[in-house]
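All remarks here apply to the structure that follows.
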Amino acid sequence: MPQYAILMYEATPPDELPPEVLEAHGAVDAQMAAAGGRVLAGVALREAATATVVRDGLVTDGPFIETKEGLAGITVIEARDLDHALELARMVPIASGGVEVRPLLGFQVLD
Amino acid sequence: MLAATVRVTRDLDAAEDAVQDAYVSALAAWAREGVPERPGAWLTTAARRRALNALARRRTLQAKLPLLLEPGAEPVAEDDVIPDDRLRLVFTCCHPALAREAQVALTLRLVCGVATEDVASAFLVSRATMAARLTRAKKKIAAAGIPFAVPAAAELPARLDTVLTVVHLLGTAAHATLSAELLARAVDLARMLRALLPDATEVCGLLALLLLVRARAATRAQPLADQDRSLWDRALIAEADALIVGALRARPPGRFTLQAAIAGVHAAAPSYAETDWPQLLALYDALARVWPSPVVALNRAVVLAEVSGPAVALEAVDGLADALRGYRYLWATRADLLRRLGRHEEAGEAYRAALELTEGEVERAFLEDRLSRTGRAGDPRSG
């Protein structure tokens, strides 16, 4: 099955996410599996203000671009096709923002 | 992964040729062998077919395509052979994950089999630009995994609306550029969708709307009030009427059905003066409810002027000025209402504002004529 990354963009900082959103995050993997998808991996990011940028060898305070919505997390999934991936992506709880679904060029987990 | 992408993209290119062939009898082989169940198999078959004497088949297509665009002449029985595949292809080309301009271009290229350079000229871009746009879109279809499938029932209404919007856009582009050929493609697509989705009332509505545009094509260059209605195609109007009557049974009727009904009221009127304005106003009210848009509100105001007078209509138009500041019909409509109220100086200003936003020669000539008349406002001979 094709693999996709669901990029979650949130305007709400992670420590201010409402409890129901956090709870929904805990349940979403099982929900996606029940819908015929498969979650391969997931990462949740701390807020953008904690980022450090390395560019051309120079270290600076991050992030690259200041935006209202920041990348808050990524879920890597397997789905039958884009429609299926979008169906799964709609299950991802977002307090204030949206998700972007990107096909993967590759995905590897090293032991 | 890269290899897979290349493979699928190549299949899509191959599918282009096979889809063109769907318009001629080349697919008779499928009738004998049966329709492949899996889309993958369909694409593979398409790829294999492509290898067969592609050049000769292209010549056959070019020779036969115009025959298939005759009004009423249904494409050669291919509906019996591969309806599901054609429907899948339409939904793939009109997938909401693709930009609108890509949806329109892909539909013309892959579903209608229009040559890339003709698609390019229909949308006033160079062949290279259109080729790049198509390549980008096909690459996204392959890489993102846009399915070759009719959407699930829950998604179908929204997805069908996207398809109908694309076909409607083709009709609008044809109307704007006076292209009979592009209009024929749009009508052909709507007929195909009607054959494949006979229960979808909005498909009937859109087909009726396009038929009415085509029925009145001969007089397209003149303003509605001045058109010679004896030149309108009564057979097409009758066909559209029957479709509208059926589609209006939907509760509530959709936006394409209501637009068709509005066009139908105009088509039924023996003259501009004898138009059933109250009926039109009721239809515009219904349209504004299912499709709240300032452009609809502007068209409603034009009808309102005939029912309740230009002063009431002008009030409605002024309420739209913020939303439609850059829209030439706002200024043209406002100018006309001011002229009818005897406010010639303001009318002149509005005509000039409309002219600044208008490029089409026919419309410019009309506006300039009106402007020159309002310019003679003090002249007792002017009406």
Side-chain angles (χ1 to χ4, degrees), chain A residues 1-10 24 27-43 67 69 71-94 96-111, chain B residues 1-12 15 37-44 84-85 87-100 102-103 106 110 135-163:
Chain A
M1 291 213 288
Q3 297 170 335
Y4 299 86
I6 301 174
L7 311 181
M8 293 167 248
Y9 290 89
E10 274 283 11
V28 77
D29 288 11
Q31 207 184 337
M32 286 184 183
R38 192 168 150 230
V39 177
L40 301 180
V43 297
T67 52
E69 288 173 3
L71 183 62
I74 300 172
T75 300
V76 179
I77 60 160
E78 272 184 354
R80 287 189 299 275
D81 53 37
L82 183 64
D83 281 353
H84 191 210
L86 296 176
E87 181 196 334
L88 302 178
R90 285 195 183 94
M91 299 173 178
V92 173
I94 295 290
S96 167
V99 302
E100 178 179 315
V101 178
R102 281 260 198 119
L104 292 193
L105 196 55
F107 177 69
Q108 228 179 349
V109 178
L110 299 178
D111 293 329
Chain B
M1 177 60 74
L2 191 62
T5 306
V6 170
R7 191 174 68 236
V8 179
T9 307
R10 200 187 292 145
D11 283 353
L12 254 181
E37 270 176 39
R38 288 172 300 118
W42 184 83
L43 290 169
T44 312
D84 292 348
D85 281 324
L87 197 55
R88 285 189 197 110
L89 190 62
V90 171
F91 279 109
T92 303
C93 293
C94 299
H95 198 282
L98 298 166
R100 179 73 77 213
Q103 294 170 349
L106 279 174
L110 298 183
T135 302
R136 215 165 35 239
K138 283 188 282 187
K139 196 175 164 190
K140 174 153 187 189
I141 289 174
I146 290 177
F148 180 64
V150 175
E155 303 285 320
L156 192 59
R159 293 284 309 275
L160 181 60
D161 191 68
T162 305
V163 171

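Order of the sequence lines sets the chain letters (A, B, ...), proteins ahead of strands, with each chain counted from 1.
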Got more than 12 heavy atoms from elsewhere within 6.0 Å of CZ, A/R38?
no
In terms of heavy-atom contacts, A/P103 and B/A144 come closest through CG-CA, 3.6 Å
Indicate the atoms forming the closest heavy-atom contact of B/A97 with A/L82, along with that distance.
CB-CD2, 3.5 Å
Residue pair B/E155 / A/L86, side-chain heavy-atom distance below 4.5 Å:
no
At their closest point, which heavy atom of A/D83 faces which heavy atom of B/P147, and how far apart are they?
OD2-CG, 3.2 Å
